[in-house]
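Computation of the quantities below employed the complete heavy-atom set of this structure, encompassing side-chain atoms and omitting hydrogens, waters and symmetry-equivalent molecules. Below, read A as the first sequence line, B as the second, and so on, with proteins coming before strands; counting in each chain starts at 1.
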Amino acid sequence: MVIIPATTGQMGVLLGHVATIAELKPGVLSIHDGNDVSKYFVSSGFAFIHANSFADIVVVEAVPLDQIDASQVQKGLAEFNQMLSSASTDLEKAEAQIGVDVHSALNFALSG
Amino acid sequence: GNRELVLFYSQIGVDVKKNVIVTISSDKGLCQDEQGYVQVGFCLLISKVCSDLNSGPDKEIKYVILGEKAKAQLIRDSRKDIELSITDLQKNPLNYTQVSVLADDILKNVEFDALRIIFNKFQSVVSFLPTMATILSPEVIEREAESGGKPGDLDSYEVEGGETKAEVLQNLSEFQFSCVMFNAVLEHACSEQGARMSAMDSSSRNAGDMLDRLTLTYNRTRQAAITTELIEIISGASALTG
């Protein structure tokens, strides 16, 4: 089973899942193979679940959770929050918001 | 993951009005200029074939050129059709970020029904295949899906996320474009390295052959000169004694 971070929420994919194209948001991808679980933090992308029970997950970057530095995450979160509050144009706001979203997801992933 | 490529990669037969051809080439030549031209020549052959396929009333072809070599060649015959030309891509090592910025630029500035990316696909160090990858705009996909063409398979998929299905498909189409571009640019870089390797190899061999030939000539000339001097000396000596 695979749990993917779709924009509509965490989605579990088992054998025989209906064919789907899902848009992904930054979050944790966890792969359950019997009793082994491997977790990766993925930036956004798309997941394709085909009718023959094959799933293709295409993301820009994927990092195993244990390779993420927690202190950098906190620093990044504080920085982007600050940028968000001092942002003036819509573009700056959007960029800062993306930074906040990704870092919060990272934070959540590390703690959860 | 070849299934998604199958879904989108090979829509060459789809009939569209506005084709934009993205040609990928290198900036610098290889060590032998002919190799460079052979490579670009193949790509241009494809471009021309493409143009023929798509010519007809209402049909438009525009070019987006990546790399100096293609620009130099295409500017001669199709100057007015060139929408965008980008060079100096090879200053930094290839990465997805750079390609996604490029893709963004192209999507924003160029109107298209179908994007045709032309590049050299790497097969082995001595052989590469000029390939064309097609990306259809979301409107064309909708149209084809309704009329029951290959993209009709898309309907069998549920779509999660976003406000509407159209929005997700738009995102998907843009993401797909940058991914396919990245693939194309990588394959092309690989083919270029391969061509460069074989060009370097043949130059080294040619230089080796030349060295051997010249060494022989040098020795022969040196020996001939010595023989001439000896003959002169001996004849002079025998003229004195005899």
A:Thr7 side, atom OG1; B:Asn171 side, atom CG - distance, nearest 0.5 Å: 9.0 Å
CG/A:Asp90: more than 12 non-hydrogen atoms of other groups inside 6.0 Å: no
side-chain contact (heavy atoms from CB on, under 4.5 Å) assessment of B:Phe182 paired with A:Val60: CA-CA 11 Å; B:Phe182 189 46; A:Val60 181; over 6 Å; no
Enclosure of A:Glu61 CD (heavy-atom neighbours >12, cutoff 6.0 Å): no
Chain B contacts, top residue of A:Gly9, A:Ala22, A:Ala6 (heavy-atom pairs, under 4.5 Å): A:Ala22
A:Ile49 portion near chain B, given a 4.5 angstrom heavy-atom threshold: backbone
B:Tyr96, OH: over 12 other non-hydrogen atoms inside 6.0 angstrom: yes
Neighbour count >12 (heavy atoms, 6.0 Å) for atom CE, B:Met197: no
Sub-4.5 Å side-chain heavy-atom contact between A:Val59 and B:Phe175: no
